[in-house]
Structures are given as structure tokens and as C-alpha cells.
Amino acid sequence: MTTAQRTLASGSGWQVSDVVCTAAAGDRPFEEEHRGFCVAAVTSGTFRYRTRQGTAMLAPGAILLGNPGACYECGHEHGAGDRCLSFHFSPAYLERVVAELPGAKRLGFADPRLPPLPSLAPLLAEAEAARERSDNGAFEELGLRLAGAVVAAAAGSSRTARTPSRRDQKRVAEAVRLIELNAERPLSLAELAGGTATSPYHFLRTFRHVAGMTPYQFLLRTRLHRAAVRLRSSDATISTIAFDAGFNDLSTFNRRFRRQMGEAPGVYRRRRASR
């Protein structure tokens with residue numbers, strides 16, 4: 001068994017689990033069926049997800065989308081293992097959410113995933129921090145907020161023109177893992193492209209198409225997400241967290257954090273303490 005699933009919290013029509021997969025590149029892809037609506041936030045690793053909505057490579061920050069009764073397959077031919085916060089909702093639960101959202105008229109997801117989106121970044125950091133702190137009581141509200149945010153984002157998303165080739169997915173997966181392992185140090189486009197044996201221009205286009213953002217945006221998102229999780233789960237100083245995340249000065253960190261999360265790091269931390 002390559003997947004370990006631990007239920008963190010559950011209620012009427014919803015459940016959230018910490019899912020850790022240890023499948024490696026040589027393991028055969030496995031097929032399962034979504035029993036309800038699934039909204040799974042990838043927190044580490046990469047994997048290929050195939051369902052009737054299409055095929056996508058999922059990397060940290062992306063959201064896997066699943067519809068009830070849909071069969072799906074996950075594969076790790078480009079790298080070993082991943083971890084997700086997996087939220088499951090009954091049709092009745094999600095129907096109530098859709099009814100409250102202007103513009104969300106369809107119950108069901110048309111695409112297999114949402115790419116990492118700035119609008120979801122604060123919420124995903126909050127959810128991961130709750131997992132790290134074992135604050136399972138927070139997931140009832142977090143699940144409802146995430147359901148609403150994802151349904152709204154999915155309603156405004158458009159389908160990708162073409163499915164990325166397996167070669168493209170492999171190249172981007174390798175670059176994503178390099179960023180994950182080295183996010184605290186400078187990483188140039190040339191270094192990332194060199195690891196995939198492609199030109200920087202071709203690599204940039206491929207990465208953006210597969211991951212939904214540029215390599216630099218993904219690097220910044222990784223640094224800011226890790227900083228946000230630490231702000232909510234540790235008592236380290238803001239400057240220590242900023243430098244550990246890979247920022248060379250506090251003012252740059254403060255400015256980028258505010259732009260990504262919508263508020264200054266100190267405000268973000270104090271809001272956690274007041275809950």
C-alpha cells in the first residue's frame with residue numbers, strides 16, 4: 001500500500017484527511033473512484049492526475065478537483081511521493097455552497113485541477129498550519145471557506161488548450177522538486193532549465209503551461225507559503241522566518257508577503273493568536 005490516509009476532522013457532509021503517498025517512479029499507477037466531491041490541496045511532491053475532466057500534473061499549491069463517481073488515476077513516473085490535504089464534500093453539502101455564490105451555477109468541476117492561485121494562498125497556508133499544529137477543530141470552518149473559494153475560482157477558470165505532454169510534465173516535475181529542495185537559496189532560470197536539458201525560453205514556456213505560473217513566481221510562492229505556515233505554527237521572529245525562507249532583507253519580505261497574503265506578516269500572525 002503506497003498511500004496512507006489519516007482523517008483529521010469530519011462532520012455532516014464533509015471530511016478532511018492528511019494523505020501521504022510514497023509511490024515511486026517505477027510503481028504502476030493506481031485507479032480509484034471519487035465517492036463525493038474532492039478538493040485536495042497539494043502540499044508537497046508532484047504527481048500526474050487523470051480523470052474524465054482531463055489530465056494534469058499537480059505540484060505544491062495546485063488543487064486537485066474530483067466529481068462524485070468519477071474514476072481517476074494517479075501516477076508518479078516523474079518522481080516519488082506527494083502529500084495532500086484532501087477535503088471531501090457530499091453533493092448536498094456542495095450544492096448549498098454553490099447556491100450561495102453568485103455566478104456559480106454548475107454543481108461539478110469541468111477541469112481536473114486549479115493551478116496555484118494568489119487568491120487561495122492565504123487559505124491554503126492557514127490549512128497547512130492547522131495540520132502542523134494538530135488544530136483539527138479549525139477544519140470545519142476551513143473546509144467551508146475552501147469549498148466556497150474553490151467553487152468560485154473554478155467557475156471563472158477556462159480549460160487549457162491542450163494537455164501537456166508527458167515529457168513536458170517530467171521536465172516541470174524535476175524543476176519543481178529542485179525548487180522545493182532549494183527554495184531558500186537563489187535559483188536562476190538558467191539553472192532550472194539546465195536540469196531539464198532545454199533552452200531557458202522553451203523551459204519557461206513549458207513550466208508556465210504545466211504549472212500555471214512562471215518558475216520565479218513558483219519559487220516566490222514556495223518561500224512565502226513556508227513563511228506563512230511558520231508564522232502560524234511557530235514563535236520564531238519574523239526576521240528569522242524571512243531569512244530562513246530565502247529573503248535577503250526584511251523589507252522585501254514584508255512587501256511581497258503583503259502582496260501575496262493581503263496583510264503584513266505581523267498582522268497575519270496576530271490574527272492567528274486572536275482565534
Colleague: If we only count heavy atoms from C-beta on, is the C38 to L64 side-chain gap below 4.5 Å?
Modeller: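 A side-chain contact under 4.5 Å exists here.
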Colleague: If hydrophobic clusters are built by linking Ile, Leu, Val, Met, Phe, Trp and Tyr wherever their side-chain heavy atoms come under 4.5 Å apart, do F139 and L120 end up in the same one?
Modeller: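 Shared cluster, yes.
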Colleague: Could you check whether atom CD of E140 has more than 12 heavy atoms from other residues, nucleotides or ligands sitting under 6.0 Å from it?
Modeller: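 Not buried by this count: 12 neighbours or fewer within 6.0 Å.
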Colleague: Less than 4.5 Å apart, any side-chain heavy atom of R145 and any of E126?
Modeller: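 When only atoms from C-beta onward are counted, E126 and R145 do touch, with a gap below 4.5 Å.
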Colleague: Strictly distance-based, threshold 3.5 Å: is any side-chain N or O of T43 a donor or acceptor partner for the main-chain N or O of R83?
Modeller: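 Checking the backbone N and O of R83 against the side chain of T43, a donor-acceptor pair under 3.5 Å is found.
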Colleague: Just by distance, with hydrogens left out, do Q5 and T3 show a side-chain donor and acceptor under 3.5 Å apart?
Modeller: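 Looking only at side-chain atoms, T3 and Q5 do not form any donor-acceptor pair under 3.5 Å.
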Colleague: Are L187 and Y216 side-chain neighbours, meaning at least one heavy-atom pair lies under 4.5 Å?
Modeller: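 No - every pair of side-chain heavy atoms lies 4.5 Å or more apart.
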Colleague: Do S251 and N254 have side-chain heavy atoms sitting under 4.5 Å apart?
Modeller: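 Not in contact.
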Colleague: Taking the six-membered ring for Trp, are F37 and H88 closer than 6.0 Å centroid to centroid?
Modeller: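 Between H88 and F37, which both carry aromatic rings, the centre distance is not below 6.0 Å.
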Colleague: Does any donor atom in the side chain of T46 or R177 lie under 3.5 Å from an acceptor atom in the other side chain?
Modeller: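 A pair is found: one side chain offers a donor N or O, the other an acceptor, under 3.5 Å apart.
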Colleague: Can you give me the closest heavy-atom contact between R223 and A245, atom names plus distance?
Modeller: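 R223 and A245 have their closest heavy atoms at CG-O, 3.1 Å.
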Colleague: Using every non-hydrogen atom in the two residues, find where F89 and A147 come nearest and quote the distance to one decimal.
Modeller: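 Looking at all heavy atoms of both residues, the closest pair is CZ-CB, 3.8 Å.
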Colleague: How about Y268 and R258: does a side-chain donor come under 3.5 Å of a side-chain acceptor?
Modeller: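 Side chains of Y268 and R258: no pair found under 3.5 Å.
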Colleague: I'd like to know if V151 and L85 are part of one continuous hydrophobic network [Ile/Leu/Val/Met/Phe/Trp/Tyr, side-chain heavy atoms within less than 4.5 Å].
Modeller: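 Shared cluster, yes.
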Colleague: Cation-pi check for Y49 against R113: NZ or CZ below 6.0 Å from the six-membered ring centre and within 45 degrees of the axis, yes or no?
Modeller: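 Output no; distance or angle outside limits.
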Colleague: Side-chain donor-acceptor pair under 3.5 Å between E128 and H225, yes or no?
Modeller: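 There is such a pair between these side chains.
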Colleague: Would you find a donor on one side and an acceptor on the other, under 3.5 Å apart, between the side chain of R269 and the backbone of L231?
Modeller: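 Yes, R269 side chain to L231 backbone: donor-acceptor pair under 3.5 Å.
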Colleague: In a check of salt bridge (Lys or Arg N to Asp or Glu O under 4.0 Å) between D244 and each of R185, R230, R226, which one passes?
Modeller: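 It is R230; the other options fail the test.
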Colleague: Could you verify whether a donor N or O on one side chain and an acceptor N or O on the other, from D82 and H76, lie under 3.5 Å apart?
Modeller: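 Yes, because at least one side-chain N or O of D82 sits under 3.5 Å from a partner of the opposite role on H76.
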